[in-house]
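The structure appears below as structure tokens.
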2 protein chains.
Amino acid sequence: MVTIKEVAKKAGVSPSTVSRVLNGSDVVAEDTKEKVMAAVKSLNYRPNFLAQGLKDGKTKTIGLIIPNIRNPIYPVIARGVEDVARKYGYTVILCNTDEDTEIEKESIQKLRKRWVDGLIIAPAAKKVEHLEELEQEGFPMVVIVRKLDIKANMIVIDNFQAAYDAVSFLIKTGHRRIAIVKGNQQLALYRDRFSGYKQALLDAGIPIEYELITGDDSDSIQWSLDGYNAVNSLLNRNIEFDAVFATTDLRAIGAIRAIKDHNLRVPDDISVIGFDNLEFSSLIDPPLSTVSQPFYDIGARAASKVLQLCSKDNPSGAMVEIMPSELIIRKSTR
Amino acid sequence: MVTIKEVAKKAGVSPSTVSRVLNGSDVVAEDTKEKVMAAVKSLNYRPNFLAQGLKDGKTKTIGLIIPNIRNPIYPVIARGVEDVARKYGYTVILCNTDEDTEIEKESIQKLRKRWVDGLIIAPAAKKVEHLEELEQEGFPMVVIVRKLDIKANMIVIDNFQAAYDAVSFLIKTGHRRIAIVKGNQQLALYRDRFSGYKQALLDAGIPIEYELITGDDSDSIQWSLDGYNAVNSLLNRNIEFDAVFATTDLRAIGAIRAIKDHNLRVPDDISVIGFDNLEFSSLIDPPLSTVSQPFYDIGARAASKVLQLCSKDNPSGAMVEIMPSELIIRKSTR
DNA sequence: CTGAAAGCGCTTACAG
DNA sequence: CTGAAAGCGCTTACAG
């Protein structure tokens with residue numbers, strides 16, 4: 001690897017001068033500037049960022065910690081993050097936690113050791129003290145997707161309202177017995193969607209039937225199975241319902257399959273509405289009605305936010321930003 | 001940030017000694033070892049990896065450069081890469097190129113500046129000189145998925161044979177007029193799949209009909225559109241065919257939609273076979289018959305390989321590894 | 001406008 | 001077994 005010394009030698013100046021022209025900081029004479037640039041070019045010099053980082057304590061790197069990139073919501077978020085990071089010359093390190101708080105902690109340790117300037121994290125959310133600590137240290141961090149009960153910068157949607165709207169839509173279009181596949185109730189986001197479901201029924205004067213509340217707390221990426229099993233069980237037990245609110249698109253897809261397997265039609269016999277608006281949800285049969293989350297924007301906004309935090313010395317005032325969601329009606333609801 | 005000096009002071013030894021116990025390199029007296037570890041613990045000391053890297057020129061980081069993480073084949077590959085990287089204490093930096101060779105070059109520059117120890121890359125493949133250079137410099141690199149006409153370590157499948165087998169299966173099950181959605185012919189992998197298609201027909205004594213060769217060279221992530229448009233056009237022009245070999249699952253999904261939109265049935269009227277075996281290809285209707293690629297293993301193997309290359313001084317002997325693919329028959333073929 | 005020097009936080013021969 | 005010193009490749013006050 002060619003160093004600044006060699007460039008300096010070739011250009012007939014001191015390393016300090018080379019550094020100065022490269023960083024455009026000080027005033028340097030035009031002709032020496034040219035000599036230096038020529039030397040840089042001819043030697044194909046690349047400054048060593050480790051050495052640079054060692055001086056100023058910055059690495060122009062941010063960490064992105066998520067449960068699992070195989071969950072189709074995360075690639076979109078990751079693109080949002082990477083696109084803005086790249087725009088500002090930052091690089092992103094990806095870590096998967098598989099919903100395991102221990103792996104999450106380890107990853108954070110590892111990334112801090114590597115001097116990432118900031119962190120974007122969709123937390124496993126079972127334990128959060130380690131995140132609270134980070135926040136208190138003033139380490140640039142933004143939590144996405146999964147809202148936490150701590151003071152921190154967060155970028156999320158209003159899951160209660162979105163679920164409320166989705167279920168209200170079902171009610172408005174004549175559905176009365178609406179089942180829910182409720183999702184992992186350890187996560188606030190699913191609790192909120194569940195609450196939205198209940199409140200919508202309540203507000204419409206429809207009683208909450210506990211037999212229509214289904215789904216387990218599994219974290220598996222095989223989410224469609226949860227939807228399949230839940231609805232399949234309802235159908236096997238001859239429990240009547242005219243719609244299902246699935247708290248994720250994957251669960252909705254499982255639900256649709258269960259309904260078809262029982263030789264019933266979607267939406268003629270049973271309507272299904274999902275949540276997430278995954279890219280392929282419009283490609284299934286019937287195309288899925290669902291709640292659209294602005295995943296790309298969440299990632300992009302999170303990246304802007306950490307970058308901003310990184311540039312400040314005292315990243316004060318944690319705030320939570322609510323991003324808009326949108327009800328998308330396709331063909332799985334009548 | 002606490003430094004090694006502070007630890008040394010607290011433990012009442014020299015920084016050299018602290019370094020020694022941390023790296024377990026030399027022989028250190030048991031009791032001083034304990035003193036040091038106690039100090040490390042109480043100060044929550046994390047060695048600065050920038051300083052470490054500056055010494056030994058290693059960062060324990062590898063770069064993963066792919067066209068687009070939103071293309072559903074890449075998250076699986078990325079998991080394979082990350083899992084083995086993490087196992088060995090490595091960290092992975094993700095870059096998307098959007099099939100743009102310029103962005104690819106920039107990313108490589110950026111990563112090398114950051115001193116990644118090695119690179120895994122699914123290249124844009126329009127120009128490859130920059131990759132050839134890397135290889136010649138002896139920089140640890142492995143090319144995945146997209147085979148190149150250069151000497152380099154590569155991990156790919158046998159696209160010709162896999163396509164040959166898929167089309168042969170269609171022929172064996174009674175199909176005669178088999179359309180193909182051929183994919184971007186600038187990429188060797190699609191050329192190989194196309195060749196496999198032609199050879200299978202030839203070997204069965206079936207003439208190649210040019211009107212059945214469809215699809216454009218688009219790089220769009222909206223691949224299902226290519227499949228939709230191709231098959232839709234065939235149908236609109238009343239061209240007869242009893243099967244379509246789509247060179248990706250996304251194209252297959254588009255093809256199925258086009259067929260359904262023309263009120264024809266899959267597979268009763270027209271069989272469809274895909275390529276990739278995406279995670280959701282079993283969830284669509286009908287569940288898709290396809291060629292399964294071992295994406296996770298490709299990622300994992302690639303990571304093992306670069307790590308191995310990183311540890312050697314002279315990473316000699318570029319070789320291409322062929323991973324197994326498998327024909328998966330579900331319900332979209334009769 | 002430019003150079004010599006110090007220092008970022010480590011590691012590792014070199015002494016002892 | 002342990003410490004002092006040099007050096008990794010930069011940047012940046014400090015002189016001049």
Side-chain angles (χ1 to χ4, degrees), chain A residues 1-40 43-61 89 109-117 313, chain B residues 1-40 43-61 89 109-117 313:
Chain A
M1 210 73 276
V2 19
T3 71
I4 202 171
K5 268 190 185 168
E6 302 172 47
V7 177
K9 195 168 162 194
K10 178 130 192 175
V13 298
S14 75
S16 334
T17 300
V18 176
S19 173
R20 274 189 279 259
V21 350
L22 256 24
N23 296 299
S25 51
D26 271 15
V27 224
V28 185
E30 258 318 311
D31 56 331
T32 74
K33 202 180 278 186
E34 277 165 25
K35 277 190 301 186
V36 169
M37 289 316 288
V40 165
L43 293 173
N44 187 25
Y45 169 68
R46 268 190 300 270
N48 181 329
F49 109 103
L50 292 174
Q52 291 181 147
L54 192 53
K55 286 299 295 184
D56 64 15
K58 298 281 182 191
T59 56
K60 293 216 144 206
T61 304
Q109 285 298 321
K110 192 171 72 178
L111 291 180
R112 296 208 60 187
K113 197 165 136 188
R114 267 149 216 273
W115 289 90
V116 297
D117 295 342
D313 278 342
Chain B
M1 208 75 276
V2 19
T3 72
I4 201 170
K5 267 190 187 168
E6 302 172 47
V7 177
K9 195 167 161 194
K10 176 130 193 173
V13 298
S14 75
S16 334
T17 300
V18 175
S19 173
R20 274 190 279 257
V21 349
L22 255 25
N23 295 299
S25 52
D26 270 17
V27 224
V28 185
E30 258 319 310
D31 56 330
T32 74
K33 199 179 279 182
E34 278 165 25
K35 279 190 300 188
V36 169
M37 289 316 289
V40 164
L43 293 173
N44 188 24
Y45 168 69
R46 269 189 300 269
N48 181 328
F49 110 102
L50 291 173
Q52 291 181 149
L54 191 53
K55 285 299 295 184
D56 65 14
K58 298 281 182 189
T59 57
K60 293 216 146 206
T61 304
Q109 286 296 321
K110 193 172 70 177
L111 291 180
R112 295 207 61 186
K113 199 166 136 188
R114 267 150 216 270
W115 290 91
V116 297
D117 296 341
D313 278 343

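Remember, it's a predicted structure, so these values are computed and weren't measured experimentally. Just so it is clear: chains get the letters A, B, ... in the order the sequence lines come, proteins before strands, and each one is counted from 1.
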Looking at residues at least two apart in the chain, or sitting in another chain, which of them share a side chain to side chain contact (heavy atoms under 4.5 Å, CB included) with A:A38? none
The correct list of stems in which DNA chain D takes part (3 or more consecutive Watson-Crick or G-U pairs, distances under 3.5 Å) is C:1-3 with D:14-16, C:5-12 with D:5-12, C:14-16 with D:1-3
Expected output is a numbered-order residue list: members of residues 5-18 of chain B with a heavy atom under 4.0 Å from any atom of DNA chain D. What is it? B:V13, B:S14, B:S16, B:T17
Who are the side chain to side chain donor-acceptor pair (under 3.5 Å) partners of A:E34, not counting sequence neighbours? none
May I ask you to evaluate whether B:N48 reaches the phosphate of C:dC8, defined as a side-chain N or O under 4.0 Å from OP1 or OP2? no
By side chain to side chain contact (heavy atoms under 4.5 Å, CB included) - contacts of B:K55 (at least two apart): none
Could you work out, with side chain to side chain contact (heavy atoms under 4.5 Å, CB included) as the rule, every residue matching B:T59, not counting sequence neighbours? A:L50, B:F49, B:T61, B:W115, B:D117
Taking only residues two or more places apart in sequence, or in another chain, which ones meet A:E6 in a side chain to side chain donor-acceptor pair (under 3.5 Å)? none
Listed partners of B:K5 passing side chain to side chain contact (heavy atoms under 4.5 Å, CB included), at least two apart: B:T3, B:P15
Interatomic distance, B:L54 CG vs D:dA6 P [rounded to whole Å]: 18 Å
By nearest atom, which of the nucleotides C:dT12, D:dC10, D:dT12 is closest to the A:R20 side chain? D:dT12
Could you check whether the side chain of A:K55 and the base of D:dG9 have a donor-acceptor pair of N or O atoms closer than 3.5 Å, going by distance alone? no
Atom CG of B:D31 and atom C1' of D:dC1 are separated, to the nearest Å, by 10 Å
May I ask you to evaluate whether B:Q52 reaches the phosphate of C:dG9, defined as a side-chain N or O under 4.0 Å from OP1 or OP2? no
Compare the minimum distances between each of D:dC1, D:dG9, C:dG9 and the side chain of B:A29, then state the nucleotide with the smallest one. D:dC1
